[in-house]
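As the structure is a computational prediction, the values presented were derived from the model and not from experiment. Just the heavy atoms: all of them, side chains too, but no hydrogens, waters or symmetry mates, feed the values below.
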Amino acid sequence: MNSYRIPEIAKQYTEYDMIQIHTDLPDFPELRTRLLFAFLNGNSKLSTSSELYTLATSLVQLALDTHELVTASNDIKEKKAARSRQLKVLAGDYFSSRFYHLLAGAGQIDMIKQLSNAICDVNRLKMNTYMKMKQLKLSAEDYIHQTVEIKSQLFLSFSEFMSEVYDQAWPEILRSYTKCEVLFEEIFRLESASDFKGSWGFWHILQHGTKDERKQLQTEESDQAKVRTLVHKYHIPSQLYQMLDSQTKLLQAKVKQLESDKLISELFHIGEPFLRFLAKQPKVLEEI
């Protein structure tokens, strides 16, 4: 079986001096990438292409995530900020081109079509979600669901290929892991007041808060002290922790139902960061 080395291979495309000096890239989609590789590598029909498929998919995801960081307006006068924005656009385009190049070079034309269709699905989901956000018609529950679907979509495109071996295990476990990832990220978004707007906590308070509290959140220049007060009033950190704890337990139960001991072991290893975090919960919640 192939050993997992996707992040190391991807560095030849991501670690360019121009990018590292002048702009920041999003985190590598490590969890979903490891999941995809583990499932592909456990399928005798797909294992020979597991590294290629996983690398290509991770680069597409990185391209989408990089473009997501590009500011809506290009009216940036400060030279450093303008260069950073331009490089994010170019870096995202470059990662996308590498995905095409890798698969085309291997004669994997059908896989190019598959991932291209998945990209269209991701963009459609994003547009629908952004419209709901703009109209303030998104509930906190919808926010988590839509975010999980957006993050999972590229990887879900492999469901048909895996159905013979894993039946519904792949889409269910992928979504479950991705939900853990989303909740994990949402907890850490609470550390920065600037990241709160548009988060799960934001939508939760907008859904359950008073008229004055909702107005406060929608103000362009929100009073950060008041926002922090609302975060604690509605127990946002502890609610997110409880959601992550419940989702992790559901995930463990699903993983145990798999027939492959090797795959089960690998999946539990992938989920270890969530378990370590949950074990430190009291201290973490005190610091938020």
Side-chain angles (χ1 to χ4, degrees), residues 24 26-27 29 32 61 63-76 81 85 88-89 92 118-156 174-247 285 288:
D24 296 318
D27 293 334
R32 283 158 285 151
Q61 186 64 61
L64 291 169
D65 293 343
T66 302
H67 281 158
E68 193 70 17
L69 296 179
V70 178
T71 55
S73 172
N74 63 359
D75 186 23
I76 302 175
R85 183 183 187 279
K88 282 184 174 66
V89 174
I119 292 171
C120 294
D121 292 336
V122 171
N123 290 329
R124 174 181 53 79
L125 286 169
K126 284 183 179 180
M127 289 304 299
N128 290 338
T129 303
Y130 295 156
M131 287 299 295
K132 288 184 178 180
M133 286 180 169
K134 188 175 181 180
Q135 297 167 2
L136 300 178
K137 293 182 177 179
L138 194 71
S139 69
E141 183 180 355
D142 286 342
Y143 167 75
I144 293 294
H145 175 75
Q146 291 298 110
T147 304
V148 169
E149 288 302 300
I150 289 169
K151 284 179 171 288
S152 303
Q153 206 62 40
L154 284 179
F155 301 85
L156 283 171
L174 172 63
R175 285 188 172 101
S176 192
Y177 266 99
T178 305
K179 188 171 182 178
C180 287
E181 181 183 7
V182 169
L183 293 169
F184 189 74
E185 291 172 352
E186 287 298 310
I187 291 172
F188 283 94
R189 283 184 73 170
L190 297 174
E191 295 180 352
S192 171
S194 61
D195 289 337
F196 181 73
K197 192 166 187 178
S199 68
W200 179 86
F202 173 87
W203 295 109
H204 179 79
I205 296 172
L206 207 63
Q207 187 177 352
H208 298 283
T210 66
K211 183 178 179 180
D212 287 341
E213 289 169 345
R214 294 197 298 270
K215 184 177 180 181
Q216 169 64 37
L217 286 185
Q218 294 173 53
T219 303
E220 195 66 33
E221 296 296 332
S222 299
D223 185 317
Q224 298 305 323
K226 290 182 179 179
V227 170
R228 299 298 294 179
T229 299
L230 290 175
V231 166
H232 288 286
K233 175 184 176 180
Y234 287 93
H235 308 291
I236 301 302
S238 59
Q239 285 200 69
L240 284 168
Y241 164 79
Q242 290 166 10
M243 291 163 64
L244 177 59
D245 185 48
S246 297
Q247 187 61 37
L285 293 185
I288 291 177

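Atom NE2 of His208 sits about 10.0 Å away from atom CD1 of Ile205, to the nearest 0.5 Å. Atom CD1 in Ile144 sits 10.0 Å away from atom CG in Leu138 (nearest 0.5 Å). With rounding to the nearest 0.5 angstrom, the NZ atom of Lys197 is 10.0 Å from the CG atom of Leu206. The CG atom of Leu190 lies 12.5 Å from the CD atom of Glu185; values are rounded to the nearest 0.5 Å. Arg175 CZ to Cys180 SG: the interatomic distance, rounded to the nearest 0.5 Å, is 14.5 Å. Taking CD of Glu149 as the reference point, atom NZ of Lys179 lies at 11.0 Å (rounded to 0.5 Å).
Nearest heavy-atom pair across Tyr234 and Thr210 is OH-N, 3.9 Å. Between Gln207 and Ala140 the shortest heavy-atom distance is OE1-N, 3.1 Å. When all heavy atoms of Thr66 and Pro26 are compared, the closest pair comes out as OG1-CD, 3.4 Å. Across Ile236 and Gly201, no two heavy atoms sit closer than the pair CG2-CA, 3.8 Å. Closest heavy-atom contact between Ala63 and Gly92: CB-O, 3.2 Å.
The side-chain contact (heavy atoms from CB on, under 4.5 Å) search around Ser199 returns Glu186, Arg189, Phe196, Phe202, not counting sequence neighbours. Shown here are the salt bridge (charged side-chain N to carboxylate O under 4.0 Å, His left out) partners of Glu141, two or more places apart in sequence or in another chain: there are none. Applying the salt bridge (charged side-chain N to carboxylate O under 4.0 Å, His left out) criterion to Asp142, with sequence neighbours excluded, gives no partner residue. Considering only residues two or more places apart in sequence or on other chains, Met131 meets the side-chain contact (heavy atoms from CB on, under 4.5 Å) condition with Gln135.
Shown are Lys151, Lys126, Lys88; of these, the salt bridge (Lys or Arg N to Asp or Glu O under 4.0 Å) with Glu68 is made only by Lys126.
For the salt bridge (Lys or Arg N to Asp or Glu O under 4.0 Å) condition, the pairs that include at least one residue of residues 203-217, sequence neighbours left out, are Glu213-Lys233. Identified under the salt bridge (Lys or Arg N to Asp or Glu O under 4.0 Å) test for residues 127-136, with sequence neighbours left out: none.
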Test Met243 against Ser246 for side chain to side chain contact (heavy atoms under 4.5 Å, CB included), laying out the working first.
-> CA-CA 5 Å; Met243 291 163 64; Ser246 297; 5.9 Å; no
Apply side chain to side chain contact (heavy atoms under 4.5 Å, CB included) to Leu64 and Leu154, showing your working.
-> CA-CA 10 Å; Leu64 291 169; Leu154 284 179; 3.7 Å; yes
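The aromatic rings of His204 and Trp200 sit parallel, their planes meeting at an angle under 30°, below the 60° perpendicular limit.
Judged purely by distance below 3.5 Å, without hydrogens or angles, the side chains of Gln146 and Thr129 pair a donor atom with an acceptor atom.
Between Leu136 and Trp203 the shortest side-chain heavy-atom distance falls below 4.5 Å.
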